[in-house]
Number of protein chains: 2
Amino acid sequence: MGRRREDGAGHRPNGTPSPQPRRRPTIQDLARAAATSPSTASRALSGNGYVAADVRARVLEAAERIGYVPDINARTLRNRRSRAVGVLISDLRNPFYANLAAVIEQQLRSAGYHVIVVNNDGEQHAEVEGARTFLAVRVSAAIITPVSDRAVHMLMDDGVPVVQADRMVDGLTTDGVLVDNVQGARRITDHLIGLGHTRIALLIDETGWTTGAGRLAGYRAALRDAGLPMDPDLVVPTRFQPDTAREAVTALLDRRPDVTALFAANNRLAEGAFQALQEGGHRMPDDISLVAFDDVPWMSMVSPGITTVDQHTDDLGRACAQLVVDRIAGGAAGHMTVRYIEPSIVLRGSTAPPRTSPATPVHPDPGPAAAAPSA
Amino acid sequence: MGRRREDGAGHRPNGTPSPQPRRRPTIQDLARAAATSPSTASRALSGNGYVAADVRARVLEAAERIGYVPDINARTLRNRRSRAVGVLISDLRNPFYANLAAVIEQQLRSAGYHVIVVNNDGEQHAEVEGARTFLAVRVSAAIITPVSDRAVHMLMDDGVPVVQADRMVDGLTTDGVLVDNVQGARRITDHLIGLGHTRIALLIDETGWTTGAGRLAGYRAALRDAGLPMDPDLVVPTRFQPDTAREAVTALLDRRPDVTALFAANNRLAEGAFQALQEGGHRMPDDISLVAFDDVPWMSMVSPGITTVDQHTDDLGRACAQLVVDRIAGGAAGHMTVRYIEPSIVLRGSTAPPRTSPATPVHPDPGPAAAAPSA
DNA sequence: CTGTTAGCGCCTTCAC
DNA sequence: GTGAAGGCGCTAACAG
């Protein structure tokens, strides 16, 4: 068990084997091993330019033999373009984003790109920092679920193609893939209306992005088209955190016991809403119906299952990857494209006709049970 | 609305504004803008070496003004080390891995690293490809939930420090962070035994990794220590997919209606088990108790909630990031460290004493209800 | 078809 | 305290 040679083979304890790490074979070494020149070796590997068949074979064999791995940094420096794509995502802990990231990574990997992932945690600061990183590594494109337009613009200004995913903060100047939020929200609200619900509350955390704005618009459109009154008191603002949502729902049902259906605008809010209903002893769907935007695994595990809008996250991710690949290949050619994913409704057990008669007077009486303050 | 100048400011349509993208300012440009030399500018930015205070200020100001972003590729090429860390994870769609990735990314980002994420989807091929990518970009370390030892060894052989996460395929030569699977499995099995269960089935998909092996060992140890018989028929092998697990559980309960408790070795298997129990009309915890290894969100949403082993994924991820940072800082110094995360038990509603008397005859009668075929 | 040359942007000696 | 010079590894001209 003597000392290992510095350039020896075999597994050394965790990396950094010696004061100075073993020099990795360069294309020079490869050329030497294949008895040719670096440029020929380069051509043989990349497929650009002419190389005699036997020489190419020799180079490939030698590369395999000496374990040559091209240095992407050198290549990027030289070519001024990389095979890296930056992915700036809000929160990997949220299954929606995790899925999105997974699909994007998978697609881009199979297209020969690798992915640099930055979580922005919903914070502009982190987002901008992420964009800087992307610029610094010369990514050839970026996919962003934007928090603000800062990052998007930073990248565009330096000529980096951007795809905005799930929402757009700047609809004019980049490609994007969006879910048809208006349609999804409208259809799931229609579903409730069709069951006979007339007092449907919307639990929503933001209306400043295309997502929240669209969902609110769809909800309103459905009510309007059905000739139902639009009661502002039933649009319940909340923070993004499930806990806050839970409290908001509890307060709502306290204040407005006449509500027969609840629409949570995303999966996190649905979590809070579901908990609030369970804790409050409101039975779904008997006492109240619950629907959500964005289908995530727990919604099909609970009883009753949650009726929800499936955003087809896989399609969303695939479309993002595709746009990125096209844009890289096509350069600036062509106008910006914004793709819409058509969501679908998944019916589960959390929705049913309201217990009381669906026929409601035009000026509904809140019911004798609660003395709702008129605030 | 004339043509835009090639080097003009303002937002251009999605990147690649012109045939030849605008040249980004280099350190030369920065030096010029700050009326100094590139080397001084470099020193001013990096903090290495002497720079007069006023000159440094000038450089920083100029950098801000002209929007200078150092080229990481050039820097890495020159330094032969990057601020990139490779993260090779099994499946971002699984909340366990998603969480792990999220924590790791967050920690490393705040330590000044960026993260290249590769999903291996449980396949060796993808894993090896990922390792090649990491080598190619000269990551300064990698965190891997390993599928095989190939990737681990490839990286080590080239001097890249590796941290194995969640499981180890090579326990001797790299750092690692593991969950104490034996202890976790033992304790949750103990919990069942304490409730009076004697016929406890284990649903498990692999025993070749440290995870499965440890969980099996813990389960066995608990039975042994309690003096309970170890019935091989109750160790139910399955594939990883929830569907397969579901079928396996259905088959098990068909074959062995005397089973009063089920232990699913991970969150995916628990999903299948939970579904199988619901579909089969087995009520938890009255008819059967269910426990799982790995706490994920749906387990606290369903009713009854699932009693489970919390792996403290956040601690796991933080420890990985910490080891990586230490290893990069410390070079090869010091021996390999393997940290263990001590899991804890989360009691929920899915466990209760078995319905029939806990006192069981030594040669248990399967019960008259089912005519279980003796296959 | 092949080899030589030059330079991508940066950092770090080294001389001043 | 500062600047000039060279080279990290690669590939796209260009000349043979």
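In the text below, chain A, chain B and the rest are named by the order of the sequence lines, each starting its count at 1. Just so you know, these numbers use all the heavy atoms, side chains as well, and skip hydrogens, waters and symmetry mates.
A salt bridge links A:D29 with A:R23; the closest basic N to acidic carboxylate O contact falls under 4.0 Å.
In terms of the side chain to side chain donor-acceptor pair (under 3.5 Å) criterion, A:T76 has no residue partners (sequence neighbours excluded). In this view, B:S39 and B:S37 satisfy the side chain to side chain donor-acceptor pair (under 3.5 Å) rule, not counting sequence neighbours. Considering only residues two or more places apart in sequence or on other chains, A:R75 meets the side chain to side chain donor-acceptor pair (under 3.5 Å) condition with none of them. Evaluation of the salt bridge (charged side-chain N to carboxylate O under 4.0 Å, His left out) rule for B:R93 yields B:D91 as partners, not counting sequence neighbours.
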**OP:** Could you go through the side chain to side chain contact (heavy atoms under 4.5 Å, CB included) check for A:V117 and B:H114 one step at a time?
**Re:** CA-CA 8 Å; A:V117 170; B:H114 62 267; over 6 Å; no
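Within the nucleic acid shown, A:T76 has no heavy atom closer than 4.0 Å to any nucleic acid atom.
To the nearest angstrom, P of C:dC10 lies 17 Å from CZ of B:R83. Taking atom CG of residue B:D29 and atom C1' of nucleotide C:dC10, one finds them 13 Å apart after rounding to whole Å. Nucleotide C:dC8 holds its P atom 9 Å from the CZ atom of B:R23, rounded to whole Å. In this entry the distance linking CG of A:L135 with C1' of C:dG9 reads 15 Å, nearest Å. Rounded to an integer number of Å, the gap from A:R80 CZ to C:dC10 C1' is 14 Å. At whole-Å resolution of the value, CG in B:N79 and P in C:dG9 are 17 Å apart. Across the protein-nucleic acid pair, A:R75 atom CZ and C:dG7 atom C1' stand 17 Å apart, rounded to whole Å.
Within the structure, the salt bridge (Lys or Arg N to Asp or Glu O under 4.0 Å) test picks out the following pairs touching residues 112-131 of chain B (sequence neighbours left out): A:R109-B:D121. For residues 130-139 of chain A, the set of pairs meeting the side-chain hydrogen bond (donor to acceptor under 3.5 Å, both in side chains) definition, not counting sequence neighbours, comprises A:R138-B:D71. Residue pairs meeting the salt bridge (Lys or Arg N to Asp or Glu O under 4.0 Å) criterion with at least one member in residues 38-48 of chain A, sequence neighbours excluded, do not occur. Under the salt bridge (Lys or Arg N to Asp or Glu O under 4.0 Å) criterion, the residue pairs touching residues 52-62 of chain A are A:E61-A:R65, with sequence neighbours excluded.
On the nucleic acid side, DNA chain D contacts chain A at distances under 4.0 Å to non-hydrogen atoms, with the end points of that region at D:dG9 to D:dA13.
B:S90 and B:R167 are linked by a side-chain donor-acceptor pair at a separation below 3.5 angstrom, with hydrogens and angles left out of the test.
Recorded end-axis angle for the helix from C:dC1-D:dG16 to C:dC16-D:dG1 stands at 40°, based on five pairs per end and rounded to 10 degrees.
Near-neighbour residues of DNA chain D inside residues 37-52 of chain B, defined by a heavy atom below 4.0 Å, number-ordered: B:S37, B:S39, B:T40, B:R43, B:Y50, B:V51, B:A52. Contacts between residues 60-72 of chain A and DNA chain D, counted as heavy-atom distances below 4.0 Å, involve A:Y68, A:P70, A:D71.
The only member of A:V162, A:D175, A:L323, A:V163 that meets side-chain contact (heavy atoms from CB on, under 4.5 Å) when paired with A:M336 is A:D175.
Here the OG1-CG distance, from A:T145 to A:D166, works out to 7.0 Å after rounding to the nearest 0.5 Å.
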